**Q** 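Dumping the structure here so I can ask a few things about it.
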Amino acid sequence: MSLKVRFSANLRRVRARAGITQTELGLMTELHRTEISLLENAKRMPRLDTLVKLTSALECRADELIEGMVWKPNFQT
C-alpha cells in the first residue's frame, strides 16, 4: 500500500471518528475543502504544516495519521 493511500485511509478514519465533514475540517484547518478531499483520496501528501493543522483540529496525535506508513529504500549495498 502506498504512503498516500495509507495516509488517506488514516485521515478519513480519524475525521469520521471526530464526526466532522470535510468542509468543517477545512474551515478548522484554514484549508480548502478540496484540499481535504485530495488528501483523503490519495491525490496529495500533506506538508508538515498541514499535518500539524490536521492533528490540532482533529485533536489526535500525528502517529494516528501516519500509522502503518513505512518506506523502504530501493537500493542495495
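Computed from a prediction, not measured in an experiment: that's the story for all the values here.
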**Q** Are Ser8 and Arg12 side-chain neighbours, meaning at least one heavy-atom pair lies under 4.5 Å?
**A**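 They are in side-chain contact.
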
**Q** Compare every heavy atom of Lys4 with every heavy atom of Lys43, then report the nearest pair and how far apart it is.
**A**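 The pair with the smallest heavy-atom distance is O-NZ, 4.1 Å.
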
**Q** Rounded to the nearest 0.5 Å, what separation is found between the OG1 atom of Thr29 and the CG atom of Leu51?
**A**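 Thr29 atom OG1 to Leu51 atom CG measures 11.5 Å (nearest 0.5 Å).
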
**Q** Who passes side chain to side chain donor-acceptor pair (under 3.5 Å) against Arg33, sequence neighbours left out?
**A**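 With sequence neighbours excluded, Arg33 shows a side chain to side chain donor-acceptor pair (under 3.5 Å) to no residue whatsoever.
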
**Q** In the single-linkage hydrophobic clustering (I, L, V, M, F, W, Y; side-chain heavy atoms under 4.5 Å), do Leu38 and Leu3 co-cluster?
**A**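 Hydrophobic grouping puts Leu38 apart from Leu3.
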
**Q** With the side chain counted from C-beta on, respond yes when Leu58 and Ile20 share a heavy-atom pair under 4.5 Å apart, and no when they do not.
**A**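 Leu58 vs Ile20: side chains touch.
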
**Q** Can Leu31 be reached from Leu27 by stepping across I, L, V, M, F, W or Y side chains whose heavy atoms are under 4.5 Å apart?
**A**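 They do not share one cluster, since no chain of ILVMFWY contacts under 4.5 Å joins Leu27 to Leu31.
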
**Q** For the hydrophobic clusters of this structure (ILVMFWY residues joined by side-chain heavy atoms under 4.5 Å, transitively), does one cluster hold both Ile66 and Leu25?
**A**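 Yes, because Ile66 and Leu25 connect within a single hydrophobic cluster, where side-chain heavy atoms sit under 4.5 Å apart.
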
**Q** Quick check: is Leu65 connected to Val5 through a chain of hydrophobic side chains (ILVMFWY, heavy atoms under 4.5 Å apart)?
**A**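 Looking at the clustering, Leu65 is in a separate group from Val5.
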
**Q** Is Arg17 paired with Glu64 through a side-chain N to carboxylate O contact shorter than 4.0 Å?
**A**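 Salt bridge flag = yes for Arg17 with Glu64.
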
**Q** With sequence neighbours excluded, what pairs up with Ser56 under the side chain to side chain donor-acceptor pair (under 3.5 Å) test?
**A**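 Per chain and number, Ser56 pairs via side chain to side chain donor-acceptor pair (under 3.5 Å) with no residue.
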
**Q** Could you tell me if the side chain of Leu54 sits less than 4.5 Å from the side chain of Val14, heavy atoms only?
**A**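 Answer no - side chains too far apart.
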
**Q** Counting N and O atoms only, with roles assigned by atom type, does the side chain of Glu24 sit under 3.5 Å from a partner on the main chain of Thr21, one being a donor and the other an acceptor?
**A**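 Indeed, once roles are kept as given, a pair shorter than 3.5 Å links the two residues.
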
**Q** Find the distance between NZ (Lys53) and CE (Met28) and round it off to the nearest 0.5 Å.
**A**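 Reported to 0.5 Å precision, the distance equals 13.0 Å.
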
**Q** CG of Asp63 to CG of Asn10: how many Å apart, nearest 0.5 Å?
**A**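 Here the interatomic distance stands at 10.0 Å.
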
**Q** Report yes if the side chains of Glu35 and Leu39 come closer than 4.5 Å at any heavy-atom pair, otherwise no.
**A**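 In contact.
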
